[in-house]
Amino acid sequence: MDVTIDQDSCIAAGQCVLAAPDVFDQREEDGVAVLRQNPSADQHGATREAAVLCPAGAIELDE
């Protein structure tokens with residue numbers, strides 16, 4: 001699974017961090033989401049949930 005974040009579209013809602021805290025984080029200065037790591041197989045479900053929950057649709061998954 002490849003994960004990308006369109007940081008221009010991110011509105012810093014933090015839903016991705018709540019859904020998959022081992023995969024996503026937020027920058028301190030503006031709250032924009034950043035990718036911490038490519039998810040392992042056991043993190044795919046949480047990562048998919050994070051993408052669905054993102055109100056800006058800023059997370060793209062390529063499986």
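Evaluation of the side-chain contact (heavy atoms from CB on, under 4.5 Å) rule for A13 yields I11, Q15, P55 as partners, not counting sequence neighbours. Every residue was checked against the side-chain hydrogen bond (donor to acceptor under 3.5 Å, both in side chains) condition with D25, not counting sequence neighbours, and none meets it. The salt bridge (Lys or Arg N to Asp or Glu O under 4.0 Å) check on E28 picks up nothing, with sequence neighbours excluded.
Contact detail for S9 and A56: the closest heavy-atom pair is O-CB, 3.2 Å. Residues A19 and A46 approach most closely at O-CB, 3.4 Å, considering heavy atoms.
The side-chain contact (heavy atoms from CB on, under 4.5 Å) with T47 is formed by just one residue from the set P39, C16, S40; it is P39.
Hydrophobic cluster of V34: no remaining members, since no ILVMFWY side chain lies below 4.5 Å from it. By the 4.5 Å side-chain criterion applied to Ile, Leu, Val, Met, Phe, Trp and Tyr, I59 is assigned to a cluster that also includes M1, V3, I5, V17, V23, F24, L35, L61.
Distance check: D6 CG to E60 CD gives 9.0 Å after rounding to the nearest 0.5 Å.
Note on residues 41-51: pairs passing salt bridge (Lys or Arg N to Asp or Glu O under 4.0 Å), not counting sequence neighbours, are R48-E63. Note on residues 29-41: pairs passing salt bridge (Lys or Arg N to Asp or Glu O under 4.0 Å), not counting sequence neighbours, are R27-E29, R27-D30.
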